[in-house]
Amino acid sequence: MGDIMDQIKVMAVTDNEEKRFEIKSLLNAPEIAFVGFSKAGIVAIEKAVSLRANVLLIYYGEGETEAIEVAERIYTTLPGCAVIMLCDAMDISVVERAMAVGVRKVICLPVEQKNLVENIVMAFNMEKARALNDTKVVQSWQSKIITVFGTKGGVGKTTISVNLAVALAKSGSKVALIDTDLQFGDVNVYLDIEPKETIGDLVQERNTFDIETLKSFMMLHSSGVSVLCGTKSPEFADFITGDHIDKILNTLRPYFDYIIIDSSTKLDDISIAAMDGSDIVLMLVSLDIVTIRNAKISMDVIERLQQKDKIRLVVNRDFDSKISVKDVQKILGMPVIHRIPSDFKTAVSSLNKGIPLVIDTPRSPIGSTLLKLGEIIKAQ
């Protein structure tokens, strides 16, 4: 047996106890250091990172619904870790999906030990070459969740949410956008999409919140943003709880770089659950006394909920006013991280077209500052 430093560290991912025994029996080879098993999902990604695995063997079988998603996440966020998929039958659709997300090889079980080891060595060498040639900064495997919150209608929550999501997607990130303004959410209008399924349908029709189910209820916008729209009618909002939001975020987190939540103006169970699951809460304020007063009240509540450290202040519709940005910072007791100019005409034109500002007019003052907000978020 060679020194472990010279061996290929292999981890296996499956929930099937019988397959665990079969896979482990194939890994007793001098080229390999078997570092352990993991269940599928977020825990597999965590373990691959902590063990610094060189190769992941992911079993794709009945009930292993997250295998493809784990493979994709490993490929995009952990250069240097190759993925080999094991299955019981060679299905061409599975092979195509696997190859599309960076799987090096799909192998049908049972397999001879020599064949598997040769493929592990080959996958390791190919992935090592890719990692050496990859000049991009490796992103964290875990999402950054941002709730966009405002205490007054018309403060620009949806405009900011939609354009922030698209700006991040344009920079190459994998982005999900969730509309949790459940009574009167209109993210779909800003993106000119007509949802067949919504978060309301998800909660009423399904009891499970696995990644494949969630993705079937999301729409893919042309920008690359995956969108989970709000309810089709206000009365369906009552069926959705903070626990549902928590489950949705926990399921989506391993599979997206950023999750943007367009919240309501109320500090209800839904908004609180969104904030609790978020890394950042963008508090939008405008330079008027009512919005600032409401923001102050909300921040006091958020502080009691021990979420104040997540708040980042953004002034939207910035214009010459008797109330200055310095006044806002003094009243609310924290700095403003960004200012977005007032440009009602351009914003309304974008809304009427159903084309986000960062796509429609990226060089306009409002479009360029929204793109800049994406850069600020990425640096947080």
Side-chain angles (χ1 to χ4, degrees), residues 40-50 56 66-81 83 97 100-103 130-131 134-148 160-180 187 191 209-212 214-215 217-228 245-263 274-282 310 312 314 337-338 356 358-359 362 370-380:
I42 186 172
V43 66
I45 305 167
E46 287 178 324
K47 198 164 185 178
V49 172
S50 64
L56 251 62
E66 294 182 277
I68 296 288
E69 300 293 342
V70 170
E72 180 180 18
R73 203 65 181 142
I74 290 293
Y75 181 78
T76 57
T77 62
L78 201 60
C81 183
V83 177
R97 289 178 64 199
V101 299
V103 172
R130 180 177 84 95
D134 194 346
T135 57
K136 294 181 180 179
V137 176
V138 178
Q139 296 179 349
S140 169
W141 57 269
Q142 196 174 44
S143 295
K144 189 175 284 183
I145 302 179
I146 299 105
T147 290
V148 181
I160 302 299
S161 298
V162 167
N163 281 279
L164 175 58
V166 175
L168 290 167
K170 284 183 65 173
S171 72
S173 298
K174 192 171 183 182
V175 183
L177 174 61
I178 305 175
D179 191 347
T180 63
V187 160
L191 291 170
F209 290 84
D210 60 82
I211 189 63
E212 289 195 359
L214 278 178
K215 283 197 167 184
F217 281 81
M218 301 176 86
M219 296 194 70
L220 185 63
H221 184 253
S222 58
S223 63
V225 176
S226 295
V227 186
L228 182 58
I245 301 301
D246 187 53
K247 288 178 179 177
I248 289 168
L249 294 180
N250 286 337
T251 301
L252 293 179
R253 185 184 281 272
Y255 305 106
F256 291 90
D257 299 308
Y258 295 93
I259 300 171
I260 310 300
I261 303 170
D262 182 22
S263 73
M275 290 182 188
D276 187 55
S278 294
D279 302 285
I280 295 171
V281 177
L282 286 185
K310 299 178 180 180
R312 306 290 185 272
V314 173
I337 67 163
H338 198 46
V358 294
I359 294 176
L370 285 166
L371 286 169
K372 179 64 176 176
L373 179 60
E375 294 175 12
I376 292 170
I377 291 300
K378 292 191 82 165
Q380 290 287 306

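The first residue of the sequence shown is numbered 1, and numbering continues consecutively from there.
- Using a 4.5 Å heavy-atom cutoff, the side chains of Val225 and Ile260 are not in contact.
- Here the shortest heavy-atom pairing between Val358 and Lys170 reads O-NZ, 3.0 Å.
- To the nearest 0.5 Å, atoms CG (Leu228) and CZ (Phe217) are separated by 9.0 Å.
- In this structure, Met218 and Leu252 have side chains that are in contact, with non-hydrogen atoms separated by less than 4.5 Å.
- Between Lys215 and Asp210, no side-chain nitrogen of the basic residue sits less than 4.0 Å from a carboxylate oxygen of the acidic one, so the salt-bridge criterion is not met.
- The distance from the CG atom of Leu168 to the CD1 atom of Ile259 is 12.0 Å, given to the nearest 0.5 Å.
- Here CD1 of Ile160 is found 6.5 Å from CG of Leu373. Values are rounded to the nearest 0.5 Å.
- In this model, no donor atom of one side chain and acceptor atom of the other lie less than 3.5 Å apart for Ser278 and Lys310.
- Closest non-hydrogen pair, Ala48 versus Ile74, comes out as CB-CD1, 4.0 Å.
- Each of Val166, Val148, Leu164, Leu191 was scored for a side chain to side chain contact (heavy atoms under 4.5 Å, CB included) with Leu177, with one residue passing: Leu191.
- The side-chain heavy atoms of Ile146 and Leu282, taken from C-beta on, include a pair separated by under 4.5 Å.
- Atoms CD1 and CD1, from Ile377 and Ile280 in turn, are 4.5 Å apart once rounded to the nearest 0.5 Å.
- Between the CG atom in Asp257 and the CZ atom in Arg73 there is a gap of 4.5 Å [rounded to 0.5 Å].
- Of all the heavy atoms in Thr180 and Ser263, the pair that sits closest is OG1-CA, 3.3 Å.
- The existence of a salt bridge linking Arg253 and Asp279 is confirmed by a sub-4.0 Å separation between a basic side-chain nitrogen and an acidic carboxylate oxygen.
- For the pair Ala274 and Thr147, the tightest heavy-atom approach, listed with the atom from each and the gap, is O-OG1, 3.4 Å.
- Using a 4.5 Å cut-off on side-chain heavy atoms (C-beta onward), Ile178 and Leu249 make contact.
- Taking NE2 of His338 as the start and CD of Glu375 as the end, the distance is 9.0 Å to the nearest 0.5 Å.
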Give the C-alpha distance, both sets of side-chain angles, the deciding distance and a yes or no for side-chain contact (heavy atoms from CB on, under 4.5 Å) between Val70 and Tyr255. CA-CA 8 Å; Val70 170; Tyr255 305 106; 4.2 Å; yes
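- Between Ser223 and Ala169, the shortest heavy-atom distance links the atoms O-CB, 3.7 Å.
- For the pair Lys378 and Lys144, the tightest heavy-atom approach, listed with the atom from each and the gap, is O-NZ, 4.1 Å.
- Not a single salt bridge (Lys or Arg N to Asp or Glu O under 4.0 Å) links Asp179 to another residue, sequence neighbours left out.
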